[in-house]
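What follows is a set of notes on a single structure, which appears directly below.
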Amino acid sequence: MRFVLTFCGLYALVFALDVALLRSLYKSWWAQRWLRYALYGQLPIALISVGLWIVGRTTPLYGAQIVGWSVLVALFLYLGSLLIALLTAAPFLLARPLWQHLMPPPSPARRAFLNRALLAVPAVGSVGTTWGLARAGAAVAMPQIDLRFTDLPRPLYGLRILHISDIHIGPYVSLSDLEEILLRSEALQPDLLLITGDLCDHMPYYLDTLRLLESFPTPLGAYCSLGNHEYHRGIRRVRRLFAQTTLPLLVSEGRSIDVDGTSLYIAAADDPRYLNSPESHAYLRSSVERAMDGVPAGSFSLLLSHRPQALDYAAPLGTNLTLAGHTHGFQLGLGGRSLFDSLLPDRYIWGRYRRGTSQLYTTSGLGHWLPFRLGCPAEAPLLVLHPA
């Protein structure tokens, strides 16, 4: 319920900022009746959506939660894109009196052109939001990511790893969706399936999710690590459900498997639930160290961690490869990288990263709980190991 209240408060704040900016800086726009109707008209829709969301969270009517959350998120995203557009165009409006003082008055045609140019800013934002909402339902990408390592044992040449993370079975990814993705993945002939947390957000489907993953055919099996959503849904219940399957759940531990006479060490870090304090970082570091303790000599070591920041603690230990998720790539990308990658380089948001000889791949995730993706598709990458 706290999350519901927090999101509604954020929605109300963005709405208030939009109205305040329109009434103070964009008076000619605010004079348009259709714009006022569009803004105020969404309030009753938002209230109904919140009601459906709460009903769906507190009763067996799960479909009500899906509808309520989806509509509310769409309204919020449009409000957010409008706010960004208003803030982007604001400096031009504020500088207009100075510009008019320094330059001769523009002709009526030029004035009309400038006004239309300003209107293009929110128009582009609206189109982008619509496209991002539509792309959230696009087919999951399955890119092949070739990773090269020095001293890679010969039996691991060409090892094919299917990496799945952040499935979030629930409002936007169903069990049938997961089944279809796994069927598509079979054609890629992976040797190993590795899952880095946040499997299912609707607990009645959790065991069925595990059963689907358990049934996926790979020569070397499948291994899982925990994500923060496993803790949010109730970690004791989650672990009891794992115990009903043969799917290995690794928590601050690892195990060595034989691949044609070569040791492949697979380990997994626990999730600190939140990673926003020195204590939570210390917890993640300790978990990585425990997971990587006792790696057999000559093993190729592979760490599963829901949090990409595990690379910072895995690299000094000589870990060859870390697989992570959690970020969803922030669901905004450009040119195959997260749009926020340069702003937050130490977050390892999406794609390949390296520290020394240690490598990391952070997937943008198979699912999402915010139905918006722009330039950052949902994915289930196939990682292929090669010698450098």
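What's counted below: heavy atoms across the whole structure, side chains too, no hydrogens, waters or symmetry copies. For reference, positions follow the sequence shown, starting with 1.
- Separation of atoms CD (Glu230) and CG (Asp201) is listed at 8.5 Å; rounding is to 0.5 Å.
- In the hydrophobic clustering of this structure, Val73 groups with Leu374; members are Ile, Leu, Val, Met, Phe, Trp, Tyr whose side-chain heavy atoms approach within less than 4.5 Å, directly or through other members.
- More than 12 heavy atoms of other residues, nucleotides or ligands sit less than 6.0 Å from atom CZ of Arg211.
- The nearest pair of heavy atoms linking Tyr265 to Pro296 is CD1-CD, 3.6 Å.
- In this structure, the ring of Tyr274 has its center less than 6.0 angstrom from the ring center of His232.
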Any chance you could lay out the side-chain contact (heavy atoms from CB on, under 4.5 Å) test for Leu284 and Asp312, step after step, and finish with the verdict? CA-CA 10 Å; Leu284 181 59; Asp312 294 333; over 6 Å; no
Residues Asn320, Ser301; criterion side-chain contact (heavy atoms from CB on, under 4.5 Å); working and verdict: CA-CA 5 Å; Asn320 296 106; Ser301 54; 3.1 Å; yes
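- Contact check for Leu220 versus Leu159: side-chain heavy atoms found under the 4.5 Å cut-off.
- Looking only at side-chain heavy atoms (C-beta outward), His306 and Asp166 come within less than 4.5 Å of each other.
- With rounding to the nearest 0.5 angstrom, the CG atom of Asp271 is 5.0 Å from the CG atom of Asn228.
- By the 30° and 60° cut-offs, the orientation of the rings of Tyr205 relative to Tyr62 is perpendicular.
- Put simply, the side chain of Leu311 does not reach to within 4.5 Å of the side chain of Gln359, judged on heavy atoms.
- For Gln32, the CD atom is densely surrounded, since the number of other residues' heavy atoms within 6.0 Å is greater than 12.
- By the neighbour-count criterion of 12 heavy atoms within 6.0 Å, atom CZ of Arg184 is densely surrounded, having more than that number from other residues, nucleotides or ligands.
- Residues Thr319 and Ser358 bring no donor and acceptor atom of their side chains to less than 3.5 Å of each other.
- Cation-pi geometry between Arg337 and Tyr353 is satisfied (NZ or CZ under 6.0 Å from the ring centre, within 45° of the ring normal).
- Of the listed residues (Ile164, Leu194, Ile266), just one forms a side-chain contact (heavy atoms from CB on, under 4.5 Å) with Leu323, and that residue is Leu194.
- Taking 4.5 Å as the limit, some side-chain heavy atom of Ile167 sits within range of a side-chain heavy atom of Leu178.
- Taking 4.5 Å as the limit, some side-chain heavy atom of Leu210 sits within range of a side-chain heavy atom of Phe242.
- In the displayed structure, Leu334 atom CG is contacted under 6.0 Å by at most 12 heavy atoms of other residues, nucleotides or ligands.
- Ring orientation note: the planes of Trp53 and Phe7 are nearly perpendicular, at an angle over 60° on the 30°/60° scale.
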Check step by step if side chain to side chain donor-acceptor pair (under 3.5 Å) holds for Gln42 and Tyr11. CA-CA 11 Å; Gln42 71 165 259; Tyr11 172 91; 2.4 Å; yes
Before you tell me yes or no, could you show the steps for Asp208 and Ile169 under side-chain contact (heavy atoms from CB on, under 4.5 Å), namely the whole-Å CA-CA distance, both residues' side-chain angles and the distance that decides it to 0.1 Å? CA-CA 10 Å; Asp208 291 330; Ile169 294 292; over 6 Å; no
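- Within a 6.0 Å radius of CG in Asp151, other residues, nucleotides and ligands contribute 12 heavy atoms or fewer.
- Taking OG from Ser185 and CG from Leu366, the interatomic distance works out to 8.0 Å, rounded to the nearest 0.5 Å.
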What's the verdict on side chain to side chain donor-acceptor pair (under 3.5 Å) for Asp270 and Tyr231, showing C-alpha distance, side-chain angles and the deciding distance? CA-CA 10 Å; Asp270 196 1; Tyr231 281 97; 2.7 Å; yes
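- Applying the ring-ring contact (aromatic ring centres under 6.0 Å, His included) rule to pairs touching residues 279-302 yields Phe149-Phe300, sequence neighbours excluded.
- Linking Ile, Leu, Val, Met, Phe, Trp and Tyr residues whenever their side-chain heavy atoms come within less than 4.5 Å places Leu75 and Val50 in a single cluster.
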Apply side chain to side chain donor-acceptor pair (under 3.5 Å) to Ser174 and Ser176, showing your working. CA-CA 5 Å; Ser174 66; Ser176 60; 2.8 Å; yes
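- With rounding to the nearest 0.5 angstrom, the OG1 atom of Thr327 is 13.0 Å from the OH atom of Tyr348.
- One hydrophobic cluster, built from ILVMFWY side chains closer than 4.5 Å, holds both Phe15 and Leu21.
- For the pair Leu39/Leu82, a side-chain contact is recorded, criterion being any heavy-atom separation below 4.5 Å from C-beta on.
- Closest approach of Leu213 and Leu199 over heavy atoms only: CD1-CD2, 3.6 Å.
- Screening Gln309, Arg307, His229 for a side chain to side chain donor-acceptor pair (under 3.5 Å) involving His326 leaves a single residue, Arg307.
- Listed here is the closest heavy atom pair of Leu383 and His163: CD1-CB, 4.2 Å.
- Taking the side chain as every heavy atom from C-beta outward, Trp69 and Tyr172 approach each other to under 4.5 Å.
- Considering all non-hydrogen atoms of both residues, Tyr40 and Val19 come closest at OH-CG1, 3.8 Å.
- When hydrophobic clusters are built by joining Ile, Leu, Val, Met, Phe, Trp and Tyr residues whose side-chain heavy atoms come closer than 4.5 Å, directly or via intermediates, Leu156 is not grouped with Val384.
- In this structure the side chain of Met203 reaches within 4.5 angstrom of the side chain of Leu241, judged on heavy atoms.
- For the residue pair Thr322 / Ser305, no side-chain donor-acceptor distance below 3.5 Å is found, with atom types taken as modelled.
- Side-chain atoms of Arg273 never come within 3.5 Å of backbone atoms of Ser280 as a donor-acceptor pair (strictly under, hydrogens ignored).
- Under a hydrophobic-cluster definition in which Ile, Leu, Val, Met, Phe, Trp and Tyr are linked whenever side-chain heavy atoms come within less than 4.5 Å, directly or via other members, Leu133 and Ile66 are assigned to different clusters.
- A distance of 10.5 Å separates CG in Asp293 from CZ in Arg290, rounded to the nearest 0.5 Å.
- From Leu212, atom CG reaches atom CG of Leu175 across 6.0 Å, with rounding to the nearest 0.5 Å.
- Among all heavy-atom pairs drawn from Leu79 and Asp18, the shortest one is O-OD2, 2.9 Å.
- Between the Arg233 side chain and the Val238 main chain, no donor and acceptor come within less than 3.5 Å of each other.
- Tyr206 and Cys200 make their closest contact through CD1-CB, 3.4 Å (heavy atoms, listed as atom of the first residue, atom of the second, distance).
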Take Arg154 and Thr262 through the test side-chain contact (heavy atoms from CB on, under 4.5 Å) and record every step on the way to the result. CA-CA 8 Å; Arg154 183 169 291 275; Thr262 290; over 6 Å; no
